[in-house]
2 protein chains.
Amino acid sequence: MSSTDPTSAARTPRLEQAITNPGSVKINVKGAFIVDDDPRSKSPVRTDGVHYEGQDIRLPHHTGVVSHVAVDIGGSLAKLVYFTRELDSPDNGGRLNFINFETDRIHLCLEFIKQLKEEHQGLNGGSKDELCVVATGGGAYKYYDKLKETLNVDIMREDEMECLITGLDFFITEIPNEIFTYSETEPMQFAEARPDVYPYLLVNIGSGVSMIKVSGPKQFQRVGGTHLGGGTFWGIMSLLTGAKTFDDMLAMADRGDNSGVDMLVGDIYGMDYGKIGLKSTAIASTFGKVFRLQNEHANDDDALHDGTNHTTGEVLFQHEDMSRSLLYAISNNIGQIAYLQSEKHQVKHIYFGGSFIRGHRQTMNTLSYAIRFWSKGEKQAYFLRHEGYIGSVGAFLRRKPVNWGRRNSVDEHILSNGL
Amino acid sequence: MSSTDPTSAARTPRLEQAITNPGSVKINVKGAFIVDDDPRSKSPVRTDGVHYEGQDIRLPHHTGVVSHVAVDIGGSLAKLVYFTRELDSPDNGGRLNFINFETDRIHLCLEFIKQLKEEHQGLNGGSKDELCVVATGGGAYKYYDKLKETLNVDIMREDEMECLITGLDFFITEIPNEIFTYSETEPMQFAEARPDVYPYLLVNIGSGVSMIKVSGPKQFQRVGGTHLGGGTFWGIMSLLTGAKTFDDMLAMADRGDNSGVDMLVGDIYGMDYGKIGLKSTAIASTFGKVFRLQNEHANDDDALHDGTNHTTGEVLFQHEDMSRSLLYAISNNIGQIAYLQSEKHQVKHIYFGGSFIRGHRQTMNTLSYAIRFWSKGEKQAYFLRHEGYIGSVGAFLRRKPVNWGRRNSVDEHILSNGL
């Protein structure tokens, strides 16, 4: 959840005094940590397309002014990051806040930023024009005029891929307890800092999926991706089940059994296909059981189309089973392609980000398992607690830290923005 | 279409005289060719789950007896191959006939084989027990008892992967005008014979997808696959559209426009994402437009679940568009994974087989384009006219030709079965 709701006087955000050029802001990330015990993170979701995140990041040593917010506007979600000062905290400093909006309801996002801008003025006595918005993602282009007109502020646009790697580098190197590995027995095992950060593969799963090989600071290449991503799950599930939110779909997946719709090796063989190591429980074909069962039950001309026999009311396929099947299929497919790309580009570490993951266990387990399975345990999947905000944090920071590599200096914690 | 329909006296199949052990049959494939001008191939599809293929293969020099049929029983389809003698042809010989059945209606397949058996006896005056069935695919195991009991014949089981590569080797090396490449400008460009057949990658697309690296005769390894295959397309489409046959779904795809449901780069950016070479028309997310549009139209609590506003009757998403989108997505995904596997395993030639392809232009175009795109024109997709029968032909031949490599001898055309 965001630490502040600008529509609530009790939770007024306290933005730092503005300075005219946000390009020269430096963020002091020394001692940064994730605020885990925020009681407000108990109710992170609203139902109107706005999603407050828990897990704000405290920046106890940052005392400078921050006069910008950053937003990463993707195909489905607009992810916003903004800074608030913690005037009532003993060590002062401030925090980064995270909130997202359905792109579809971009007006809610704009209202939110407008509110931040109003309070920015009220708090700092400056001009409203002093707040600047750093925008990335496709929406930075598509909604550029709208942003500019509605907010009447400067809009700085940053490249999506550059923001992603800036953001991920920041999370990897600066935020403790941010990166973790996942397995059923050890759901969240925090990764230790590595001296050899590069190269790595970033797999960002939003509506679609981008895979970016990062060879060093500012050295990157989008090596591939797939259009079978979060938007596919969301779209097909909404058609099949009528579910209205992504969280509802995930909750259904938790309760489902994919073997209700998937064709397993056992459905074809009646046993293991041992010769090539395929167990009878392995999935042979996602949704592969559907056509056959529909056929069996809809002899002639029964009106059995959507998995429900309209005459008898019999439900052949549970929404929960469909949800689990499709979530597994999409996650596993991304995992396999990510592994194969990591092989082709000789990368060992694979980071999965993007709002599709949403900290969901089944998703992380599938991705993690796929990487372990295909690499025979040689490679590992890494996740982030702020997986959906990599791009917007990158946009917030705008550039790679100039102090990259100077690990022994206090300066290492100063991320230069715009220098 | 099959050259014979055993239920019709006018088209009685003329099976060769049986010999007791089909393992010693040799098929003389000298001068084999595909029968293209068969007038019966004009009506290849029946509506009861039986699909007669055109394109029988004539074996003008085979005069021996053939006392077996071969069937490859997969998750969705059972593919049958049988031999008939051409007594009324000037050069005698015979032909291979191809027919498939929905696995779901395996009884139709068994009836057909039973009929072949009856006629086998009638024609040859032998015992019914002289007909042998070579079975492969998962159904060879799952339906073993059923096959044995219903047909009361010997059932020989052969490994699915071995049959696939035996069959493909046969098609590549023995059948002229079988293998082709596909592009929109040159829809069917027959491949020339190559002295260096190995290594190659076989991508067999049935309900699920298997990818097999073949390094030489009998040297192969299943390197991967994906469970997003024909069964996935079939299953999701039957739920979303109520279509009852695969051909109906393909026909819908022909008429559809995927941008009705897919989120394109232009939908996110409002323009090209030129920096990384993504055009505005590129697909960012399969079905990615659905959730957003459903949301827009189903403000509060409209009963808008399956893409139809039940109150107003408005149809937001055309079945044709969904079909085209999903067909593209699945084909393209298989193409990408096949390319990446071919890179990992250092293979240049990629053959696509399996009943999913069905000679459908959009499918072949997508697979072909994917290989060209990802390999930057270095690699090519190959297709087969008998793409669905690779495994059953392999089962029919049962083994790799023993004469492999002796290209200068007349014997090269004798495929030894069981030696």
Side-chain angles (χ1 to χ4, degrees), chain A residues 74-76 102-104 137-139 141-142 159-161 207-208 222 224 226-232 234-236 238-242 261-263 265 267-271 273 275-276 283-292 294-296 305-307 317 329 333 336-337 340-341 343-344, chain B residues 74-76 102-104 137-139 141-142 159-161 207-208 222 224 226-232 234-236 238-242 261-263 265 267-271 273 275-276 283-292 294-296 305-307 317 329 333 336-337 340-341 343-344:
Chain A
S76 302
E102 287 174 16
T103 300
D104 180 41
Y141 296 85
K142 186 174 178 186
D159 176 71
E160 181 176 345
M161 301 296 144
S207 306
R222 185 184 189 276
T226 165
H227 41 79
L228 291 168
T232 312
W234 212 348
I236 293 180
S238 78
L239 286 173
L240 288 179
T241 72
V261 293
D262 288 352
M263 183 185 282
V265 168
D267 293 320
I268 304 175
Y269 272 80
M271 57 177 79
Y273 182 5
K275 194 157 182 175
I276 56 172
I283 300 171
S285 175
T286 295
F287 275 68
K289 217 176 245 168
V290 171
F291 192 78
R292 205 159 153 176
Q294 296 242 78
N295 247 359
E296 277 172 24
H305 290 180
D306 54 1
F317 307 107
N333 190 61
Q336 182 179 182
I337 294 175
L340 287 168
Q341 289 284 13
E343 284 289 286
K344 180 168 168 58
Chain B
S76 301
E102 285 173 18
T103 300
D104 179 40
Y141 296 84
K142 185 173 178 185
D159 176 70
E160 180 177 345
M161 301 295 145
S207 305
R222 185 183 189 276
T226 164
H227 40 80
L228 290 168
T232 313
W234 213 348
I236 293 181
S238 78
L239 286 173
L240 289 180
T241 72
V261 293
D262 288 351
M263 185 185 283
V265 168
D267 293 321
I268 304 175
Y269 271 80
M271 59 177 78
Y273 183 4
K275 194 158 183 175
I276 57 172
I283 299 170
S285 175
T286 295
F287 275 67
K289 216 176 246 170
V290 170
F291 190 78
R292 203 159 153 177
Q294 296 241 81
N295 245 358
E296 278 173 24
H305 290 179
D306 54 2
F317 307 106
N333 190 60
Q336 182 180 184
I337 293 174
L340 288 168
Q341 290 284 13
E343 284 288 288
K344 179 167 169 61

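Letters A, B, ... are given to chains in the order of the sequence lines, protein chains preceding strands, and every chain is numbered from 1.
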*Regarding S285(B) and H227(A), is there a side-chain donor-to-acceptor distance under 3.5 Å anywhere?*
no
_Shortest non-hydrogen contact between T232(A) and T286(B), atoms and distance_ = OG1-O, 2.8 Å
*First locate atom CD of E102(B), then atom CZ of R292(A), and finally report the distance between them rounded to the nearest 0.5 Å.*
10.0 Å
*Side chains of L239(B) and F287(A): closer than 4.5 Å at any heavy-atom pair?*
yes
_I283(A) versus chain B, the contacting section by heavy-atom distance below 4.5 Å_ = both
*For the pair Q336(B) and Q341(A), evaluate side chain to side chain contact (heavy atoms under 4.5 Å, CB included) and give the outcome as yes or no after the intermediate values.*
CA-CA 10 Å; Q336(B) 182 180 184; Q341(A) 289 284 13; 3.7 Å; yes
_Let's test your reading of the structure: which of G229(B), G137(B), G230(B) forms the most heavy-atom pairs below 4.5 Å with chain A?_
G137(B)
_I'd like to verify something: which residue of M161(B), M271(B), K289(B) has the highest number of heavy-atom pairs under 4.5 Å with chain A?_
M161(B)
*asked:* Is the shortest side-chain heavy-atom distance between Y141(B) and I268(A) below 4.5 Å?
replied: no
*Roughly how far apart are E160(A) CD and K275(B) NZ, rounded to 0.5 Å?*
11.5 Å
_Any W234(B) side-chain heavy atom under 4.5 Å of Q294(A) side chain_ = no
*Highest number of heavy-atom pairs under 4.5 Å with chain B: which of T226(A), D159(A), L228(A)?*
D159(A)
*Under a 4.5 Å heavy-atom cut-off, does chain A meet the side chain of R222(B), its backbone, both or neither?*
side chain
*Where does A284(B) contact chain A at under 4.5 Å (heavy atoms): side chain, backbone, both or neither?*
backbone
*Would you mind telling me which of G288(A), G270(A), S207(A) has the largest number of heavy-atom pairs within less than 4.5 Å of chain B?*
S207(A)
*Do side-chain atoms of K142(A) reach the backbone of D267(B) as a donor and acceptor pair under 3.5 angstrom?*
yes
*Least distance between heavy atoms, M263(A) atom then G75(B) atom*: CE-O, 3.4 Å
*Contact part of I276(B) toward chain A, heavy-atom cut-off under 4.5 Å: side chain, backbone, both or neither?*
side chain
*Atom pair CG/CD1 of L340(B) and I337(A) - distance to nearest 0.5 Å*: 7.0 Å
*Provide the closest heavy-atom pair for V290(A) versus S238(B) in the form atom of the first, atom of the second, distance.*
CG1-OG, 3.6 Å
